[in-house]
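So the structure is just underneath, and the comments pick up after that.
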Amino acid sequence: MWNSTKITQLLGIEYPILQGPMGGGFSTAALLASVSNSGGLGSYGAYTLTPDEIREAGKEIKKATSKPYNINLWVNDVDKSLVDYSPEKLEKIKLLFKPYFDELGIPLPDLSSDIPSKFEKQVEVLFELKPAVFSFIFGIPSKEILQESQKLGIKTIGAATTLEEALALEDAQVDAIIAAGFEAGGHRPSFLKPAQDSFTGLFTLVQQLKAKTKTPIIAAGGIIDAKGIKAAMTLGADAVQLGTAFMVTDESGAAPIHKEMLFANPNVPTTVSKSLTGRMGRMISNTISDAVPFETEVLPFPLQTKLIAPLKVAALAQGRTDMVSFWSGQNTSTLKYHKAQELMQALIAEMSA
């Protein structure tokens, strides 16, 4: 039985298929519920939300499903370099992006580098909601947080981009580890070394983790169909996590134009860039990512995001999709499902066959 694995037993789900927990407005209760109600594990990326917003999302989720689900947070949600950040450097870097603002006819925003972390307060609300799963990226929560999760019966899942990160997660006694291959869309969740030094492909990473760790493995990165699921599980994964395939469904919060671009071009070119948020992430290649090489210093996360936010709004309003960061995994070759439930049914049917 392909669907009876360490992960399905651990999380109390029917099928070892997880929906990637996309933050920044992409997650919705409807998407989560479609996946969880179909026997997989729906997820909600909550790193940008205030504690009260997470509480409200929790109420929506409870109305939509009684099945297990996952809430995802960022352990490190503010770059340390923002502390005492030089106002002169801030203004200098803003000027690098001024030509794009000028092109769209909008002013550069006023910015403050005083951005506190939300993580600790977010965790408090997560403990109120008691989801079946608490997944996290960009580090490992404190021993106290992990112990409280265990006490409340919440399973913990951390993301690793290297074997070293997986070993650190195993030492912290998390319940499962996501092997995050470099093919994955969105931010690269490296935490021991810089993201550019952690570019391991998914299939190599799964095999490294299988050989050197005992913790259940969830494969993520470039998987969009049953062939990808079968390949990952053949190499030792106990489950898979799909992001882009769920992001393009009607239930996700991604912009319609974002979904249209991915359906229209099965070989859409992607790149990794920090130019749009301050942290490296995989996206559809665009004017800004192509023009700003990785070596160029940009503002720390999330200050760079705040700089680019009004540019994104103006670009979309003016039909300038070439100036917007549209996240995407490297593999978009067989995207075809517009409904999350239909995608789940197809994956299950093909794997069962």
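Everything numeric in this text was worked out from a predicted model, so none of it was measured.
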Take Thr287 and Asp322, measure what side chain to side chain donor-acceptor pair (under 3.5 Å) needs, and give me the verdict at the end. CA-CA 5 Å; Thr287 297; Asp322 63 307; 2.6 Å; yes

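- Taking the six-membered ring where the residue is Trp, the centroids of Trp74 and Phe301 are separated by under 6.0 Å.
- Residues Phe97 and Leu307 have side chains in contact (heavy-atom distance under 4.5 Å, counting atoms from C-beta outward).
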Show, in sequence, the C-alpha distance, side-chain angles and deciding distance for Lys59 and Glu56, and conclude whether the salt bridge (Lys or Arg N to Asp or Glu O under 4.0 Å) test is met. CA-CA 5 Å; Lys59 290 177 185 175; Glu56 287 305 308; 3.2 Å; yes

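- When side chains are defined from C-beta on, His338 counts as touching Asp250, because their heavy atoms get closer than 4.5 Å.
- Considering only heavy atoms from C-beta on, Met283 comes within 4.5 Å of Ser289 through its side chain.
- Ile224 and Leu41 fall into different hydrophobic clusters, defined by Ile, Leu, Val, Met, Phe, Trp and Tyr side-chain heavy atoms under 4.5 Å apart, directly or through other members.
- You'll find the side chain of Leu335 reaches within 4.5 Å of the side chain of Val248, heavy atoms only.
- Around CD of Gln341, the count of heavy atoms belonging to other residues, nucleotides or ligands within 6.0 Å does not exceed 12.
- When atom types are taken as modelled, the side chain of Gln304 and the backbone of Ser275 share a donor-acceptor pair closer than 3.5 angstrom.
- Put simply, the side chain of Glu53 gets close to the backbone of Thr50: a donor and an acceptor are under 3.5 Å apart.
- No side-chain donor-acceptor contact under 3.5 Å links Ser43 and Asn72.
- Using a distance-only test at 3.5 Å, with no hydrogens or angles considered, no donor-acceptor pair links the side chain of Asp79 to the main chain of Leu82.
- Asn331 places a side-chain N or O within 3.5 Å of a backbone atom of Gly222 that can act as its donor or acceptor partner.
- Residues Tyr47 and Gly23 approach most closely at CE2-CA, 3.8 Å, considering heavy atoms.
- In this structure, Leu299 and Tyr85 have side chains that are in contact, with non-hydrogen atoms separated by less than 4.5 Å.
- Between Lys227 atom NZ and Ile229 atom CD1 the span is 13.0 Å, to the nearest 0.5 Å.
- Two rings, from His258 and Trp327, have their centers 6.0 Å or more apart.
- The CD1 atom of Ile145 sits 12.0 Å away from atom CD1 of Ile140, with the distance rounded to the nearest 0.5 Å.
- Under the 4.5 Å side-chain criterion, counting only non-hydrogen atoms from C-beta, Thr321 is not in contact with Ile284.
- Hydrophobic clustering places Phe263 together with Val268 (ILVMFWY residues linked when any side-chain heavy atoms are closer than 4.5 Å, directly or through intermediates).
- For the pair Arg188 (side chain) and Ala180 (backbone), a donor-acceptor distance under 3.5 Å is present.
- Looking at Lys94, its side chain does come within 3.5 Å of a backbone N or O of Pro109 through a donor-acceptor pair.
- Remark: the Asn286 side chain and the Arg320 side chain contain no N/O donor-acceptor pair separated by less than 3.5 Å.
- Taking a 6.0 Å sphere around NZ of Lys230, one finds it holds 12 or fewer heavy atoms contributed by other residues, nucleotides or ligands.
- Residues Ser36 and Pro68 approach most closely at OG-O, 2.8 Å, considering heavy atoms.
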Contacts table for residues 346-353: side-chain donor-acceptor under 3.5 angstrom, sequence neighbours left out:
unit_1, atom_1, unit_2, atom_2, d
Ser352, OG, Trp2, NE1, 3.2
Ser352, OG, Ile348, O, 2.8

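- Tested against Ser135, the residues Asn70, Thr156, Asp175 include a single side-chain hydrogen bond (donor to acceptor under 3.5 Å, both in side chains) partner, Asn70.
- Minimum heavy-atom separation, Val240 to Ala232: CG1-CB, 3.9 Å.
- More than 12 heavy atoms of other shown residues, nucleotides or ligands fall within 6.0 angstrom of atom CG in Asp197.
- Residue Leu11 holds its CG atom at 14.0 Å from OH of Tyr69, rounded to the nearest 0.5 Å.
- Put simply, the residue from Leu31, Ile54, Leu32 that forms a side chain to side chain contact (heavy atoms under 4.5 Å, CB included) with Tyr44 is Leu32.
- A distance of 10.0 Å separates OG in Ser117 from NZ in Lys80, rounded to the nearest 0.5 Å.
- Remark: the backbone N or O of Glu14 is paired with a side-chain donor or acceptor of Asn3 at under 3.5 angstrom.
- Closest non-hydrogen pair, Leu262 versus Met247, comes out as CD1-CE, 3.5 Å.
- Hydrophobic clustering, with ILVMFWY side chains joined whenever heavy atoms are under 4.5 angstrom apart, keeps Leu18 apart from Ile154.
- The CD atom of Glu103 lies 8.5 Å from the OH atom of Tyr100; values are rounded to the nearest 0.5 Å.
- Tracing side-chain contacts under 4.5 Å through hydrophobic residues (I, L, V, M, F, W, Y), one never reaches Phe199 starting from Leu205; they form parts of separate clusters.
- Note: Glu124 CD to Glu120 CD = 7.5 Å, rounded to the nearest 0.5 Å.
- In this structure, Met280 and Ser273 have side chains that are not in contact, with every pair of non-hydrogen atoms separated by 4.5 Å or more.
- Contact record, Pro310 with Lys306: CD-O, 3.4 Å, taken as the closest heavy-atom pair.
- Between the side chain of Thr296 and the main chain of Pro293, a donor-acceptor pair closer than 3.5 Å is present.
- A donor-acceptor pair is defined here as one N or O able to donate and one able to accept, closer than 3.5 Å; such a pair exists between the side chain of Ser27 and the backbone of Gly45.
- If you chain together hydrophobic residues whose side chains sit under 4.5 Å apart, Val133 and Ile7 fall into the same group.
- Around CG of Asp110, the count of heavy atoms belonging to other residues, nucleotides or ligands within 6.0 Å does not exceed 12.
- Pairs engaging residues 142-166 under the ring pair (Phe, Tyr, Trp, His ring centres under 6.0 Å) rule: none recorded [sequence neighbours left out].
- Here the options are Glu170, Gln173, Lys6, the test is side-chain hydrogen bond (donor to acceptor under 3.5 Å, both in side chains), and the partner is Thr215; only Glu170 passes.
- In the displayed structure, Gln9 atom CD is contacted under 6.0 Å by more than 12 heavy atoms of other residues, nucleotides or ligands.
- A distance-only check finds a donor-acceptor pair linking the side chain of Lys62 to the backbone of Leu129 [under 3.5 Å].
- Counting non-hydrogen atoms of other residues, nucleotides and ligands closer than 6.0 Å to CD of Glu128 gives a total above 12.
- For the salt bridge (charged side-chain N to carboxylate O under 4.0 Å, His left out) condition, no pair includes a residue of residues 199-220, sequence neighbours left out.
- For the residue pair Thr305 and Thr277, no side-chain donor N or O sits within less than 3.5 Å of a side-chain acceptor on the partner.
- For the residue pair Ala176 and Ile218, the shortest heavy atom distance occurs at CB-CD1, 4.1 Å.
- More than 12 heavy atoms of other residues, nucleotides or ligands shown are found within 6.0 angstrom of NZ on Lys118.
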